[in-house]
Amino acid sequence: MPEERRSGCRLCPRNCGVDRSRNFGACKAGDAPAVARAALHFWEEPCISGKRGSGAVFFTGCALHCVYCQNRIISDGVKGREISTERLAEIFFELEAEGAENINLVTGDHFIPHIAEALADARKKGFLKPFIFNCSGYETVESLRRLEGLIDVFLPDFKYYDPLLSKKYSAAYDYPEVAKKALDEMVRQKPLCVFDQEGMIKSGVIVRNLLLPGNVSNSKKVLKYLHDKYGDDIYISILSQYTPQEDAAGLYPELSRRVKKSEYDRLIDYAIKLGIENAFIQDMSSANESFIPDFDGKGVLRK
Ligand code: SF4
């Protein structure tokens, strides 16, 4: 990242201004992309996992650090190996050879320049599967523009409508405003959802909202905003899979339980009342830690 090295990293809204070859910013990422696991993943929406699994590349580090993060072991930068962009492109081909339906770039926001380089390299070498950018929604428009023409499907979260909630749980008062602009940019790049004959998504935007315990009203506001703004141009994935994390329970006792079925049902009823048709909903059994993969470095280094 020569540009970021010269002027300091301002890739994401945290705007740290650090030289990542010498210091860490909020994302805890260094100068080279770090990956904790690259393997087939079967627990995404059906149009992403399909029958053969999504080729998920889990990046290390994260700028957001939500207090309830279920991937903390990698988002805190504890696990993962630094690799080159050439190796990243190679991983895409290895996952394709294992049968991956697509390449699912999970929380790579702080590595956008490296990812853009690897995607362009892979396409030049004839890679044809869709690239999915699976992200927090906390991205700058400028960063997202670096992915233009390279990403097929954006899979962002829209976590919070209320800035006080985003401040409380992610130390990011600006999350709602940032995410709204980021979603506009994603929809500008991928204005319509396109599926193949098997129902696999080839292009478009799917926005996820994870229902947090006791926070049905936040999720309702998110759904209303998304439906009013984008209608049927996007799909909305309404997640019930919130899994309590022990380390958050002390400071945030309200987060120490799973989402109740009655809460999720209320949210789904509301979505129906709004007229949302392009949606994915989950079984309550999805709140199970077995959906959290082992971040054991699988597939990261050359065999
Ligand atoms: S990508 Fe990391 S270092 Fe750069 S601005 Fe964001 S948090 Fe800071």
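Both ligands and their constituent atoms are indexed starting at 1 by order of listing. As the structure is a computational prediction, the values presented were derived from the model and not from experiment.
Short contacts between ligand 1 and Gly25, defined as distances under 4.0 Å to a heavy atom of the residue, involve ligand atoms 3 (S). If you number the atoms of ligand 1 from 1 as listed, the ones under 4.0 Å from a heavy atom of Cys9 come out as 1 (S), 3 (S), 4 (Fe), 5 (S). Within ligand 1, counting atoms from 1 as listed, the ones closer than 4.0 Å to a heavy atom of Arg20 are 1 (S), 3 (S), 4 (Fe).
The protein heavy atom nearest to atom 8 (Fe) of ligand 1 is Cys16 SG, 2.3 Å. The protein heavy atom nearest to atom 6 (Fe) of ligand 1 is Cys12 SG, 2.3 Å.
Across Thr107, Asn104, Asp157, Asp109, a single residue satisfies side-chain hydrogen bond (donor to acceptor under 3.5 Å, both in side chains) together with Asn134, and that is Asn104.
Figure legend: cation-pi geometry between Lys220 and Tyr270, with NZ or CZ positioned under 6.0 Å from the six-membered ring centre and within 45° of its axis. Cation-pi check for Lys180 over Tyr161 is met; the charged atom lies under 6.0 angstrom from the ring centroid and within 45 degrees of its normal.
Atom CG of Leu150 sits about 11.0 Å away from atom CD of Glu117, to the nearest 0.5 Å.
Residue Cys27 does not count as close to atom 4 (Fe) of ligand 1, with no N, O or S atom under 2.8 Å.
The existence of a salt bridge linking Glu44 and Arg208 is confirmed by a sub-4.0 Å separation between a basic side-chain nitrogen and an acidic carboxylate oxygen.
Between Phe92 and Phe127, the ring planes are tilted. Angles from 30° to 60° get that label.
No part of Asp109 comes within 4.0 Å of ligand 1, judged by heavy-atom distances.
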